[in-house]
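What follows is a single structure, written as structure tokens, with notes after it.
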Amino acid sequence: MKTYSKILVALIVAAATSACGPDAEIGAGEKGEGNAYFKKSYYDALVKSYKPEIVLKWNQAVGLAIENKMPTIAEARIYAMTMLSMHDALNNVIPKYEPYAILNAAINRKDLSKKNISQIADAAVSQAAHDALVNLFPAAQGDADDLLALCLSEIEDSEFKTRGITIGMDAASAVLAKRQSDAPIGFISYMMGTEPGIHQANYLPYAIANPPVWPANAAYGANVGSYVPFGIAATDQFRPGPPFVVSSAAYTADFNEVKKLGCTTCTERTAEQTEIGSFWKVNTSGPMNTIARNLAMQEKLNGWETARLLALNQMAQIDANIASFEGKYHYNFWLPITAIRAGDTDGNDDTQGDVNWTPTAIPPPTPDYPSTPATAGGASAEVFRQFFRTDNKSFIVTSPNSLPGVERSYTSFSAVSKENAVSRIYLGSHFRNSCLEGEKQGQEIGKYVFENNLREIAYPF
């Protein structure tokens with residue numbers, strides 16, 4: 001009887017090990033429905049076990065390389081393509097989420113385990129981020145090469161490291177190839193007329209005296225509306241309605257507000273409003289990226305979740321830029337500096353002009369409506385709301401490129417979006433309506449991007 005009992009126990013243990021042993025299932029293929037639960041559970045366990053340190057390290061490195069060294073839309077495009085490259089690389093190790101550019105239908109999952117998942121994933125992420133960044137911003141090559149060498153040196157030499165490097169190369173190449181038709185963004189000579197409400201370049205003398213210097217009659221990014229979006233269906237999908245008519249009371253209210261709060265000599269702007277303007281006087285993709293990175297650490301996301309959050313955020317950022325630029329050149333509405341200097345000849349008896357009015361910050365050479373920073377801020381806030389399924393999160397934001405050492409605290413994504421939007425009033429670069437409608441447009445973009453991109457893949461994959 002004792003011998004029989006020992007044999008029975010041994011058979012039970014062997015059966016359990018055979019059915020549930022992780023390494024036995026990986027790479028075995030989908031052989032029947034009986035093992036599907038164990039396979040999915042094992043892949044999920046591998047994904048959850050992968051820490052986000054390398055993803056976060058490369059995300060921070062990209063930020064240090066590009067933030068506020070170029071126009072906002074150029075920065076957002078590099079951010080989006082590098083984050084998507086990392087996301088696609090991970091999802092060609094284990095296809096947890098939909099890829100952006102590279103198919104993940106024929107992935108080699110053979111012999112993956114918790115012992116080697118970080119080897120292949122770290123190598124894939126590092127190579128993908130490096131290749132995308134140096135291709136898009138060659139000035140970063142030296143630092144990127146050094147970081148790649150460091151990251152790869154810390155991974156044990158193995159077939160998994162080699163496999164990861166190849167995956168990373170392929171992921172970056174696919175993202176770059178998908179966006180190769182994007183036309184260069186630059187200046188054109190822009191003359192749409194001189195009627196009230198039409199965007200004009202009559203603030204150019206101020207720009208010449210206060211670099212960056214732009215060419216005569218300059219307009220930037222007029223071709224962006226023809227771009228294929230990254231995550232939304234069409235550039236005009238969420239275009240807001242037209243701006244206020246110059247003769248309207250609503251326009252008059254916006255005119256008077258920015259006139260008294262947005263100039264270099266304005267005395268009615270409070271210290272808090274001045275700080276808000278200065279704090280957010282940066283390309284929006286930078287602080288929104290920092291928020292996403294900090295949230296990933298704060299909420300203890302795994303590597304796959306972190307890469308997805310960072311990619312969705314920057315996908316929303318670039319589409320917010322593309323869509324807002326489409327709206328700008330559709331409506332061609334004038335900037336506050338043009339409007340206020342022409343206030344006595346705009347046909348509105350309730351606006352008083354000031355030919356010497358100068359904004360706190362140089363407005364970019366683009367039309368006013370809608371505000372790109374407001375659209376971008378609204379897009380990221382909506383992605384965060386959708387991702388974390390709540391608007392209420394407490395977090396701190398810094399702005400080292402504009403106000404080093406200053407921290408601002410928020411208790412909701414709505415609060416940070418709203419403050420980023422209205423900051424442009426205090427900078428004198430946008431009317432309030434441009435900020436509010438831009439923020440609404442961004443919210444629609446963020447919701448669509450989240451609901452229709454990089455979604456979880458149903459098993460079996």
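Since the structure is predicted, the reported quantities are computational estimates derived from the model, not experimental observations.
At a threshold of 4.5 Å between non-hydrogen side-chain atoms, the residues Thr284 and Thr375 do not count as touching. A 4.5 Å side-chain heavy-atom check between Trp334 and Val246 finds at least one atom pair inside the cut-off. Using a 4.5 Å heavy-atom threshold, the side chains of Asn92 and Asp170 count as separate. Side-chain contact between Pro370 and Ser324: present, with at least one pair of heavy atoms (C-beta onward) separated by less than 4.5 Å. Looking at Thr372 and Lys328, their side chains come closer than 4.5 Å, going by heavy atoms from C-beta outward.
Between Glu382 and Lys447, none of the side-chain N atoms (NZ, or NE/NH1/NH2) sits under 4.0 Å from a carboxylate O, so this pair counts as no salt bridge. A salt bridge links Arg77 with Asp182; the closest basic N to acidic carboxylate O contact falls under 4.0 Å. For the pair Glu305 and Arg308, the salt-bridge criterion is not met [side-chain N within less than 4.0 Å of a carboxylate O]. Note on Lys96 versus Asp44: salt bridge recorded, some NZ/NE/NH1/NH2 to OD/OE distance being below 4.0 Å. The pair Glu75-Lys69 fails the salt-bridge criterion, with no side-chain N (NZ, NE, NH1 or NH2) lying under 4.0 Å from an Asp/Glu carboxylate O.
Remark: Tyr50 pairs with Trp304 by the ring-ring contact (aromatic ring centres under 6.0 Å, His included) rule, at least two apart or across chains. With sequence neighbours left out, the ring-ring contact (aromatic ring centres under 6.0 Å, His included) criterion links Tyr227 to no other residue.
The 12-atom threshold is exceeded at NZ of Lys259, counting heavy atoms of other residues, nucleotides or ligands nearer than 6.0 Å. Heavy-atom neighbours of Lys178 NZ from other residues, nucleotides or ligands within 6.0 Å: above the threshold of 12. Around atom CD of Gln352, no more than 12 heavy atoms belonging to other residues, nucleotides or ligands sit under 6.0 Å away. Under a cut-off of 6.0 angstrom, the local environment of NZ in Lys51 is sparse, with at most 12 non-hydrogen atoms contributed by other residues, nucleotides or ligands.
Listed for the Thr358 side chain is a donor-acceptor partner under 3.5 Å among the backbone atoms of Asn356. Remark: side-chain polar atoms of Thr290 are paired, donor with acceptor, to backbone N or O of Gly286 under 3.5 angstrom.
Side chains of Asp145 and His130: a donor-acceptor N/O pair is present below 3.5 angstrom, by distance only. Using modelled atom types and a 3.5 Å distance limit, the side chains of Ser371 and Arg424 yield no donor-acceptor pair. Judged purely by distance below 3.5 Å, without hydrogens or angles, the side chains of Glu439 and Ser417 pair a donor atom with an acceptor atom. For the 3.5 Å distance criterion, the side chains of Asp391 and Ser414 qualify, holding a donor opposite an acceptor. Looking at Gln441 and Glu437, their side chains never bring a donor and an acceptor atom within 3.5 Å of each other. Defined by atom type and a distance below 3.5 Å, a donor-acceptor pair is missing between the side-chain atoms of Asn321 and Gln317. The closest side-chain donor-acceptor pair between Asn302 and Ser49, if any, does not fall under 3.5 angstrom.
Annotation: the span from Asn91 atom CG to Glu456 atom CD amounts to 10.0 Å, rounded to 0.5 Å.
Here the closest non-hydrogen pair linking Val55 and Leu310 is CG1-CD1, 3.8 Å.
Sorted by first and then second residue, the pairs that involve residues 409-445 and meet ring pair (Phe, Tyr, Trp, His ring centres under 6.0 Å), not counting sequence neighbours, are Tyr251-Phe431, Phe384-Phe413, Phe395-Tyr410, Phe395-Phe413.
Ring geometry for Tyr100 versus Phe230: interplanar angle under 30°, hence parallel rather than tilted (30 to 60°).
His199 and Tyr329 have their aromatic ring centers separated by at least 6.0 angstrom.
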